[in-house]
Amino acid sequence: MDTASNDSQDSWNRDTGFGANDRRFAFSRQTSSKQWQDPPHTPIPINSDDSAKPLLSRNMSSINIPPGSYFASESNKFFCVKDKSSDKLSVLSLAFTILENVRSGNRYMKRLFLMISLNILYTTAELAIGLLTGRIGLVSDAFHLTFGCGLLTFSLFAIAASRSKPDHVFTYGYKRLEVLAAFTNALFLLFLSFSLAVEALHAFIQDESEHKHYLIFSAVTNLMVNLIGVWFFRSYARLNLVYRKAEDMNYHSICLHVLADSIRSAGLILASWFLSLGVQNAEVLCLGLVSAAVFMIVVPLFRATSGVLLQMAPPSIPTSALSKCWRQVCA
């Protein structure tokens with residue numbers, strides 16, 4: 001019986017091109033009936049009184065983690081919160097954490113904090129004047145600036161959080177937060193461009209004699225505040241900026257944010273000035289140009305940040321190289 005099985009095995013080896021001494025398919029020639037008769041079992045200790053207890057018990061695994069405790073400890077370590085189940089992250093502790101990072105941060109973090117403080121003061125004053133005088137335009141512009149201050153605050157939080165070192169939860173660190181903040185700023189600027197286009201269309205339909213000239217003072221003040229921010233981040237005031245680090249995207253988005261607000265304020269000032277001179281459709285023309293300018297300066301940043309978040313291949317790597325690697329992997 002064994003001789004017949006060996007002869008059949010040798011004939012199969014000759015047909016497939018493998019010799020008798022070939023060890024590449026040794027498992028196919030050294031099968032035994034005993035190997036298939038023994039069922040798979042868990043290893044048990046040799047020198048132990050309890051011989052039925054396996055060495056690798058499923059309920060005694062070393063990778064078991066208590067539910068909720070590991071991730072809570074990592075998040076509390078980042079936000080400087082005490083490791084207690086009853087403690088919760090508050091806005092005050094988060095603010096103190098950001099202030100501590102700003103105090104020990106670089107000059108761009110300090111400049112951004114100063115610019116946010118100026119915007120908050122200006123927005124509060126504009127909102128108070130609008131509510132006291134009943135000017136709906138001032139209240140609407142104050143809410144627009146409040147949303148912009150929130151985005152700048154998120155950028156500051158991303159800068160502070162990205163300085164944390166990698167841990168067991170986020171093994172690649174927190175640098176991707178800055179890319180997310182830049183993407184959020186780009187989305188806001190695209191929405192601003194769309195809203196300016198709608199406002200230009202609305203000005204084209206309605207009578208331009210109803211233009212609110214009291215917004216000129218607000219536009220001039222807002223332009224002065226935004227020009228300070230442009231001066232702070234003037235080194236990033238370029239359209240096609242080469243991003244060497246994740247923080248470059250965030251700083252570039254902040255610069256484009258204040259630059260777009262400056263262009264918007266300048267457009268409103270020019271529109272009011274042209275209307276005072278009696279130029280027809282001046283507001284429509286100025287708002288349309290501002291909308292197009294904001295859209296053009298934001299699109300490169302939007303494409304770069306979305307490519308990083310979608311894990312796109314770097315632009316420096318040609319598609320032919322990726323196709324060649326794919327063919328080699330498939331081969």
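Count residues from 1 along the sequence. All figures in this text were calculated on a predicted structure; none of them were measured in a lab.
Using a 30° and 60° split on the angle between ring planes, His252 and Tyr243 fall in the tilted class, from 30° to 60°. Aromatic ring orientation, Tyr251 versus Tyr236: tilted (interplanar angle from 30° to 60°).
Rounding to the nearest 0.5 Å gives a distance of 5.5 Å between CD1 of Ile228 and CG of Leu118. Atom OG1 in Thr153 sits 5.5 Å away from atom CD1 in Ile120 (nearest 0.5 Å). To the nearest 0.5 Å, atom CG of residue Leu187 and atom OG of residue Ser306 are 9.0 Å apart. Atom-to-atom distance recorded for Gln311:CD and Arg176:CZ is 6.0 Å, nearest 0.5 angstrom. We find the SG-CG distance between Cys149 and Leu156 to be 12.0 Å, quoted to the nearest 0.5 Å.
Ser195 places a side-chain N or O within 3.5 Å of a backbone atom of Leu192 that can act as its donor or acceptor partner. The closest donor-acceptor contact from the side chain of Ser155 to the backbone of Leu151 lies under 3.5 Å. Side chain of Asn226 to main chain of Asn222: a donor-acceptor pair is present (N/O by atom type, distance under 3.5 Å, no hydrogens or angles).
Listed by first and then second residue, the ring-ring contact (aromatic ring centres under 6.0 Å, His included) pairs that reach into residues 271-309 are Phe183-Phe302, sequence neighbours excluded. Applying the salt bridge (charged side-chain N to carboxylate O under 4.0 Å, His left out) test to every pair with at least one member in residues 254-265, sequence neighbours left out, gives these pairs: Asp141-Arg264.
Each of Leu268, Ile263, Ile269 was scored for a side-chain contact (heavy atoms from CB on, under 4.5 Å) with Leu223, with one residue passing: Ile269.
In this view, Phe170 and Tyr174 satisfy the ring-ring contact (aromatic ring centres under 6.0 Å, His included) rule, not counting sequence neighbours.
The side-chain heavy atoms of Ser253 and Phe233, taken from C-beta on, include no pair separated by under 4.5 Å. Residues Ile159 and Tyr108 have side chains not in contact (no heavy-atom distance under 4.5 Å, counting atoms from C-beta outward). In this structure the side chain of Phe143 never reaches within 4.5 angstrom of the side chain of Thr123, judged on heavy atoms. When side chains are defined from C-beta on, Met115 counts as touching Ile254, because their heavy atoms get closer than 4.5 Å. You'll find the side chain of Leu138 stays beyond 4.5 Å of the side chain of Leu127, heavy atoms only.
Closest approach of Gly229 to Val258, counting heavy atoms only: C-CG2, 3.9 Å. In plain terms, the two heavy atoms of Thr133 and Arg135 that are nearest each other are OG1-CG, 3.1 Å. Contact record, Ser291 with Leu196: CB-CB, 3.9 Å, taken as the closest heavy-atom pair. Scanning all heavy atoms of the two residues, the minimum distance from Leu112 to Leu152 falls at CD2-O, 4.1 Å. Listed here is the closest heavy atom pair of Ala181 and Ala158: CB-CB, 3.8 Å. Closest of all the heavy-atom pairs between Glu178 and Ser162 is OE2-OG, 2.9 Å.
By the 6.0 Å contact criterion, CZ on Arg303 is open, its count of non-hydrogen atoms from other residues, nucleotides or ligands being 12 or less. Heavy atoms from other residues, nucleotides or ligands lying under 6.0 Å from CE of Met224 number 12 at most.
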May I have the step-by-step check of side-chain contact (heavy atoms from CB on, under 4.5 Å) for Leu309 and Val179, ending in yes or no?
CA-CA 8 Å; Leu309 293 178; Val179 182; 4.0 Å; yes
After noting the C-alpha distance and the side-chain angles of Ser218 and Glu126, does the key distance pass the side-chain hydrogen bond (donor to acceptor under 3.5 Å, both in side chains) rule?
CA-CA 8 Å; Ser218 174; Glu126 187 179 25; 2.5 Å; yes
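Two different hydrophobic clusters hold Phe113 and Tyr122 under the rule that ILVMFWY side chains link at heavy-atom gaps under 4.5 Å.
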